[in-house]
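Worksheet: the structure to be examined is printed underneath.
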4 protein chains.
Amino acid sequence: MKKKHRTLGRPRKEHGEMPTEDTILQTATAMFLQKGYPLVSMDDVAEKCNVTKATVYYYYKTKAELFTDAMIQLMTQIKQKSAAILATNEPLKVQLFHIAKAHLEATVNIDITAFMKEAKVSLSEEQVGEMEKAEEALYSELEEALAKAMSKGEIPNNNPRLTALIFINMLTVRNAMNEEFKKSFTTTDKLAKHIIDFYWNGLAGES
Amino acid sequence: MKKKHRTLGRPRKEHGEMPTEDTILQTATAMFLQKGYPLVSMDDVAEKCNVTKATVYYYYKTKAELFTDAMIQLMTQIKQKSAAILATNEPLKVQLFHIAKAHLEATVNIDITAFMKEAKVSLSEEQVGEMEKAEEALYSELEEALAKAMSKGEIPNNNPRLTALIFINMLTVRNAMNEEFKKSFTTTDKLAKHIIDFYWNGLAGES
Amino acid sequence: MKKKHRTLGRPRKEHGEMPTEDTILQTATAMFLQKGYPLVSMDDVAEKCNVTKATVYYYYKTKAELFTDAMIQLMTQIKQKSAAILATNEPLKVQLFHIAKAHLEATVNIDITAFMKEAKVSLSEEQVGEMEKAEEALYSELEEALAKAMSKGEIPNNNPRLTALIFINMLTVRNAMNEEFKKSFTTTDKLAKHIIDFYWNGLAGES
Amino acid sequence: MKKKHRTLGRPRKEHGEMPTEDTILQTATAMFLQKGYPLVSMDDVAEKCNVTKATVYYYYKTKAELFTDAMIQLMTQIKQKSAAILATNEPLKVQLFHIAKAHLEATVNIDITAFMKEAKVSLSEEQVGEMEKAEEALYSELEEALAKAMSKGEIPNNNPRLTALIFINMLTVRNAMNEEFKKSFTTTDKLAKHIIDFYWNGLAGES
DNA sequence: GATGAATGAGCGTTCATTCAT
DNA sequence: TATGAATGAACGCTCATTCAT
C-alpha cells in the first residue's frame, strides 16, 4: 500500500495559505454539515485537508472537540450575520426575510438541532454545555429582536422565545421537500417570501 | 454486563410473549429514533431485545432493512392516527390540535426528515424509495385536508403542500428547547395550543 | 424478511423425484467441485436443494461429513468408470485416452488433490482416512493396469504407482491454461490426444 | 493463548528487525500456501506476526490485496530462480532437473493453479489480472527455453506452451502421494530424477 | 509542526450447529 | 421427515486514539 510520503518537518507556508489549524476546522465544518457527526471520520477530514490523521489530532484532542469547535464557530458566525441584519433600520419583517434568505442560500442545509442531537451522545457534558451556550446566543439574538418589536407594538405580544425557535425551525422546512416540490420554487427569494409571510401571519395573532 | 447464556437452538415457546420479530422491530424503532441510524448498532438492538445479533439477522437481512422496515411501520402508524383524526367532524383547527398533541405525547421526538438524511447514505435506492413513499403518504393526508379546507373557504387559499410540510416541521420545535424552557410549558396541551395558534394564524393570512 | 413457508411434515414425493438425501448429496458434490469446500455454505446447499438448512443437517451430521460423503461417492464413480474402461480389450494407450477424455469432458474440472488439501484442515482424522481410502482405490485401479502392462511387456518397467499419479496429475493441466490458450485446442479429443501422447512417450523410456 | 498486550502507539524501533510490512507479507505467503486463501483469516496472519489485525490493514488495504501481493512476490521469486537456472550453459535436461529440485525442496508445496482458483472469486478483476501477468511470466520463461531447445534440435518439435505447463504441473505430483509412498523416495534428488526422466521421455516423442 | 506506526474496540455480516416442534 | 428459531464464534474491515520520531 503505497503512501504519498510528505516531507518531514514544518512545511513552508505558501503564499495565501490558511494556517493548518484553520484549514482543518473549516473543512471539518463543511463535512460535518454535509454528512453528520458519525459519518465523518478523522481519516476523512485528514485526507480532505491533505494532512495526516496525526496532524488533526495535533490540533484537536478528540473528534468530539473538533466537532464542538467547528459547530461553535459556525453558530457564532451565523449569530453575527443575524446580528448585523437585525442592527439595521429596516422593519423587522424585512430583516427576517434577509435572515431567511441567508440561511436558504447556504450551500448546506443546516438543521442545528438535528445535528446536535446526533452528536450529543458522543460529547462530554462540558462540550455539550459550550455548544448550548453558542446555540443560546444564536436564539437570544432573535428573541431580543422579537421582544423589542413586541414592546414597540410592531407585532402583538407573544412568547418571544418560542417564536424565535419557531422561526429557526421553519427555515429547515426545505429539508422535508422532495426534489420535485423543491423545484416548484424557482428562486430562493420566493421560498423565503412564502416562509416569512406565513411566519409573519403567525406572529400577527394575539395569543 | 453479565451475559445471559441462553440455550442453543429453538427456545421453548412461552405463552403471551410478543413474537421475536415484532420485539426487534419495536425496540429498533425506539432506538433509531433516540440515537439515529449510525449510532445504533445491531449489537445494541440485539442486547436490548435479549437475543443475539444472529437472531436479529435471522429476521432482518441487513441493518438498512431493519431501519427501513422500522421507519415505514412508524410512518404508517402516524399516518393512520392522523387519518383517523382528520376523518372526524370536528373543525380543522381542533383536528390539527389533536394531531399535534399526539405527536408531542409520543415518548420519542420524531424528526423524520433529519433521520432519513443521515440514514440515506446507507440505504439502497429501493429502500429510499419505499421510505419516501411512506413519507409522502404521511404528508398527502394532511395536504388533502388542508386543500379541502381551502376550497371550502375554512382557511384562505395557500400552497397546501407547503403548509402541510410546515405543520409537520413545527411539531419538532420542541427538540430545540433547552430543559429549562421546556419546563415552562407545564402540560403538552399548552405547548400544543401555542403551536397550533401560531400555525393557524400563519394559515390565516392571504398570500 | 418474508420466507417461503413450506408445508410441514413429509412432502408427497412427486413422480420421478430423487429422495431428498440423494438430491442433497448430488447438489453438494457439484457445488463443492465448483467452488471448493470453504466457499460452499450449508445455507447455499440447502437453498439450491429447495430445502431448509435443518433438513440438510437431518441427513448429514456436519458439513465435513457431507463433504466426505460427496467426495467418496464421486471418487467411487470415477473409479468405476475407469475400471470399466480398463476392463475392455483395447490396448492400454487407447484405454488411457478414453479415461482422459472422460475427465476432460466433465463439466467441472476436478483436481482431487487440491480439493482434499483445502478441506483436510476441517475434517476429522476418520474422515480423512475414509477419503484417502477412496482416493487410494482410484489410484490402485490405474496402478494395477499399468503394472500389468509392464509385466506383459506392453510398456517398459517403471514405478507403476508414480506413473499412475502422474497420469491423474496430467489431466489437471488444463486448469493452468489461460482462456486464449484453452481455445487453441478446438476439441477435447485433441487435447486428450496431446496429453496421452506425451504421457505415453514418458512411459516409454526406461528408468 | 495469552494475549500479549503491546503498548499503544508507535513502538520504539529496535535494530535488526525486519520491517513489519515485510514480516506480514512473508508470513501471509507461507500461510496462504499452507491452507489456501479462504482458510487464512486476517486475524490468523496478525497473530502469527505478533501484531494486531489493524496493523495488517495498515499495510494492506484488504485481504485480497495482501493475497495478491503475496502471490505475485512468490511467483516473481520463482521466476527469477528459474531464469537464473535457465541462463546457465548446462544442457536443458540438467537445467530442468535443477528447477524441479528447487521446487521440491521448497518447504511448502506450491500448486499455484489450485490456489488462484479458490481465491479468484474474492479478487478484483485488476488483481486477477496482475496475478495472471506474474503467472504468465513464470510460464513464458520456461516456454521460451523449450522453444529454443526445439529450434536447436535439442528436443523434437512440440507445443512449447503445453509442454511448459505440463512441466510445472508435474512438479505438484507429490501432493497426491500418501505418506508411505512419499517415504519410498529417500531423497528429493531421487524424486526429481524420476520426474525429469519421465518428462524428458515425454518430450522426446514426435507428435 | 507534523508524521508514521501501531493499538483495542467495535461494527455489519456470515456460518456451522442445535433444539423444540 | 422436515422445519423454524436461535446461538456463539468467527470474519473482513473501520475507527478513534496513542506514542515515538
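Computed from heavy atoms alone, side chains included, the values below leave out hydrogens, waters and symmetry copies. Below, chains carry the letters A, B, ... as their sequence lines are ordered, and counting in each starts from 1. What you see is a predicted model; the values in this text were computed from it and never measured.
We find that OH of B:Tyr59 is positioned 13 Å from C1' of F:dT7, with the value rounded to whole Å. A straight line from CD of C:Glu47 to P of E:dT14 spans 12 Å, rounded to a whole angstrom. Look at CD1 on D:Ile24: it is 10 Å from C1' on E:dA6, rounded to the nearest Å. Between the OH atom of B:Tyr60 and the C1' atom of F:dA5 there is a distance of 14 Å, rounded to whole Å. Protein atom CG of C:Asp22 is 13 Å distant from nucleotide atom P of F:dT1, rounded to whole Å.
A sub-4.0 Å separation between OP1 or OP2 of E:dA6 and a side-chain N or O of D:Tyr58 is absent. Distances shown here put a side-chain N or O of B:Thr20 below 4.0 Å from the OP1 or OP2 atom of F:dA6. One finds a side-chain N or O of B:Thr52 lying less than 4.0 angstrom from the OP1 or OP2 phosphate oxygen of F:dT7.
Closest heavy-atom contact between D:Gln73 and D:Thr29: OE1-OG1, 4.3 Å.
C:Lys120 NZ: more than 12 foreign heavy atoms inside a 6.0 Å radius.
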* If a protein heavy atom is under 4.0 Å from the base, mark B; if only from the sugar-phosphate, S; if neither, -; do that for nucleotides 10-15 of chain F going 5' to 3'. => -SBBBB
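E:dG12 is paired with F:dC11 under the Watson-Crick or G-U wobble criterion, all donor-acceptor distances under 3.5 Å. Pair assignment for E:dT21 gives F:dA2, based on Watson-Crick or G-U wobble hydrogen-bonding distances that are each under 3.5 Å.
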* Please assess C:Thr52 against C:Thr55 for the test side-chain hydrogen bond (donor to acceptor under 3.5 Å, both in side chains), listing each intermediate value before the final yes or no. => CA-CA 5 Å; C:Thr52 61; C:Thr55 305; 3.1 Å; yes
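The ring-ring contact (aromatic ring centres under 6.0 Å, His included) pairs that include a residue from residues 38-70 of chain A are A:Phe32-A:Phe67, A:Tyr37-A:Phe67, where partners are two or more places apart or lie in different chains.
With C:Lys63 contributing its side chain and C:Val40 its backbone, the two residues share a donor-acceptor pair below 3.5 Å.
Checking C:Ser124 against C:Gln127 by side-chain atom types alone, a donor-acceptor pair falls below 3.5 Å.
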